[in-house]
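In what follows, a single structure is set out as structure tokens and then discussed.
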Amino acid sequence: MDRLSASVQYVKGVGPKRASRLKKLGIVTIEDLLYYFPRTYEDRTKYSKIRDCADGEKVSLNVVIAGSPSILRPRRKLSILKVPVKDSTGAAYLVWFNQDYLADNFSEGEEISVNGKIKRNNFETQIISPVYEKRNKGNKVGSIVPIYSVTDKLSVNEMNIMIANALKEYIDEIEEIFPDDLLKSFNLISIKDAIKNIHFPQNRETFMAARRRLVFEELFILQLCLFIIKKKFGLKDDGISFDKDVNINEFTENLPFKLTKAQEKVFEEIQRDMESKRQMNRLIQGDVGSGKTVVALMAIYKAVKSGYQATMMAPTEILANQHYESVCKFFDGMGIKCELLTGSLSVKAKKRILDELQSDDIDVLIGTHAVIQDNVKFNKLGLVITDEQHRFGVKQRKLLSEKGLNPDTIVMTATPIPRTLALILYGDLDISIIDELPPGRKKVETYAVGVSYIKRVNEFIKKQVRGGRQAYIVCPLIEESEELNLKSVEELYEKFKNETFKEFSVGLLHGRMKSSEKDEIMENFKSHNIDILVSTTVIEVGVNIPNANIMVIYNAERFGLSQLHQLRGRVGRGEYQSYCILINESGSKISRERMKILQSTTNGFIISEKDLELRGPGEFLGLKQHGLPDLKIANLFTDMDILREVQKRVMEILTKDPELKDEKYKKIKERMKKMFKGKIDEIIFN
Ligand code: ADP
Ligand code: MG
């Protein structure tokens, strides 16, 4: 076993105690530590001088301790610690209140970096409650100092030292995965230099070279995996050509509304694919409420009228039910037989459906995961549709399409992602976008407020609910298993039910409930047995409850913008003016900016691009949502250029050696398996 997989506690300066703290950051092995990249860097050249500091300004300074600390006690319960410091331009005091114990930390002559707010009067300059760092050997090198994300029990400084130690001892263990010729032609520095310089760059150039190397490698591996998957699921040329003579107008004429231009355009794209011999594999992206379902029904209509069966899979019973209702309504009187297959069906009903499916008595099967079970056999399956596809894996999609003979497939999603990103994630799909909402939709009025507004928000909810409307109240759940957050949704619920909203019927929904319980709650909300639904984010994307017109989101700062946008999409689906109230509990500038974006636009694509832009490297949640590994360093927004180059290189390599059989790719293949943690390596390498 290689030394890098050993526990991080063996690194000098770590030990068991720090190791357990590092674990909270996801750092378990020595390798994890080496690959724990700085969140940002501090450019030491940007430090201010004491002379230039203005009153009220927040600054970073490099200073030297100029004497002994003094402690003043102007009154009971107040002590003031003052530490004299200086730099080449003047003198100042570091000042802390009621933190006498800090006094022992400083000795004259010591060099430290501080950051804090300046208080300046005619007599002296003070730096109030600064954060400080001793400039010891660990982080003095160069003018760029790494800043790591840490927990409250690990300081940036400690992290710095641990990483410096790990580098010293283990850097030679890091393996180069690229053979020499590739390194050269890609113009990359070696992995060892890259790791060293990403932590402690000497200057901007070495940092850039290190970052480029690491981003390149990360995207290269990701892209390689995705391209190979794409090939595995490669479109067959012996797909079905659906009947050109089916008259879609016979379906659309009966709709209670006129299709939007965007819906028409997307259906044309689908129709072209369906009529061609090539197998269709198309992603339909459209914001919530853009009317994807109808477009899907048009495709189903065409398939059925061409003599084939069609199926549509949704991630939950509620959604499946909702689709089934649409299908029944819109296909009424057209001689199309539809059935609904879900887990909660009786054995007898299920058997009948399975039989009729096989004998071709059923034209359209709507269902949940139940439709991909082995015993579900179609007679002549020609079209397969997956709704809210990010909830399903590649494998489930594959299982469903294997129930037919190269059936055409459509996947639909309401999670808008930037087109460029879509190309990476769905390299294997053609993309259609419904970029227009049906006319007459009222814009959801969006407000971002602080916690001090909660009372008023509650009054507003009461007023609306008394007027017959319904409300969603969402609070965050970062991990479904996180005790703390789960409790907070329950607490909120108890309080609302027993106090704030006791005159109304209040319901609770969260991820720990059984899916049958969840469905029951949603049904009760839909049928208006519940006025106010307190929930985590499990409220389904795509659920249509037009009477609900208020969405209140607690701790809105904790959600991604796209996620907030999705939640907002739960309201504004009916005739009533709707409201989305974001309770922002963070005072930070960036979170205010994020809230502003939501207030200023309802375009999901703009929001998702901003989301991508505002997140730091490696934090793009979208990937996880789509079943892909997190990126540690690449930023899909700012690293677009590298990505393009990577795509080109990967194509070149795969054209010559589609399965990477050449011995020189051995290490690259190992890395691919590692990146996907075995989840889909059975798909890639067998
Ligand atoms: P989503 O894209 O979020 O899945 P749906 O397909 O559920 O959206 O459509 C939302 C609502 O809009 C449905 O009630 C649907 O009947 C209605 N709808 C769809 N297309 C149109 C249209 N062109 N004009 C008016 N209403 C439409
Ligand atoms: Mg939908």
Side-chain angles (χ1 to χ4, degrees), residues 248-249 251-270 282-301 310 312-332 334 338 340 364 366 368 385-392 410-417 422 431-444 472 522 525-526 539-549 551 562-576 578 580 602-605 607-608:
I248 196 69
N249 291 335
F251 173 72
T252 52
E253 272 160 13
N254 283 310
L255 289 174
F257 46 72
K258 197 168 162 299
L259 293 176
T260 62
K261 283 228 161 57
Q263 285 170 319
E264 276 175 1
K265 178 197 74 191
V266 169
F267 181 69
E268 267 165 34
E269 288 167 356
I270 291 173
R282 191 168 276 282
L283 171 73
I284 303 180
Q285 277 199 65
D287 227 332
V288 279
S290 60
K292 293 182 290 292
T293 315
V294 171
V295 175
L297 296 188
M298 290 165 77
I300 292 176
Y301 183 85
M312 174 143 78
M313 175 165 72
T316 63
E317 288 215 3
I318 294 185
L319 282 177
N321 262 314
Q322 201 168 285
H323 284 318
Y324 181 64
E325 281 166 21
S326 301
V327 168
C328 294
K329 188 169 90 192
F330 290 130
F331 287 157
D332 186 38
M334 294 184 179
C338 310
L340 176 68
V364 183
I366 309 290
T368 56
I385 300 176
T386 317
D387 192 20
E388 303 307 346
Q389 78 90 31
H390 63 276
R391 308 279 299 273
F392 296 102
I410 293 175
V411 295
M412 305 197 287
T413 179
T415 313
I417 47 176
I431 300 171
S432 291
I433 299 180
I434 306 185
D435 51 6
E436 180 188 356
L437 293 183
R441 289 276 161 82
K442 288 206 180 73
K443 203 172 148 202
V444 179
Y472 296 97
M522 279 317 287
F525 192 56
K526 202 169 180 175
I539 346 168
E540 287 312 331
V541 172
V543 169
N544 200 8
I545 300 174
N547 190 50
N549 74 330
M551 167 64 65
S562 297
Q563 207 181 2
L564 290 172
H565 178 63
Q566 290 288 328
L567 288 168
R568 173 166 67 182
R570 300 304 100 235
V571 297
R573 304 177 77 95
E575 62 202 275
Y576 310 104
S578 296
C580 174
T602 50
N603 182 323
F605 288 94
I607 290 170
S608 71

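Remember, it's 1-based here, ligands and their atoms both numbered in the order they're listed.
In terms of N/O distances under 3.5 Å, ligand 1 is not approached by Val294.
Note on ligand 1: Gly286 sits outside its first shell, no heavy atom being nearer than 4.0 Å. Every heavy atom of Ala414 sits 4.0 Å or more from the atoms of ligand 1.
Taking both residues in full, the closest heavy atoms of Ala296 and Met312 are given as CB-SD, 4.3 Å, listed atom of the first, atom of the second, then distance. Counting all heavy atoms, side chain and backbone alike, Asn544 lies closest to Gln322 at N-OE1, 3.1 Å. Across every non-hydrogen atom of Ala314 and His323, the tightest pair is CB-CD2, 4.0 Å.
Atom numbering of ligand 1 starts at 1 in the shown order; those under 4.0 Å from a heavy atom of Gly289 are 1 (P), 2 (O), 3 (O), 8 (O). With ligand atoms numbered from 1 in the order given, ligand 1 contributes 23 (N) to contacts under 4.0 Å with heavy atoms of Thr260. Listed by number with element, the atoms of ligand 1 under 4.0 angstrom from any heavy atom of Asn544 are 14 (O).
With a 4.5 Å cut-off on side-chain heavy atoms, Val266 and Lys292 do not count as touching. Residues Thr260 and Leu437 are not in side-chain contact: their nearest non-hydrogen atoms beyond the backbone lie 4.5 Å or more apart.
Scanning Leu259, Asp287, Thr293, Leu255 for the heavy atom closest to atom 7 (O) of ligand 1 points to Thr293.
At a heavy-atom cutoff of 4.0 Å, ligand 1 is contacted by the backbone of Lys258 but not by its side chain.
Salt-bridge formation is not detected for the pair Glu436/Lys261: no Lys NZ or Arg NE/NH1/NH2 atom is positioned less than 4.0 Å from an Asp or Glu carboxylate oxygen.
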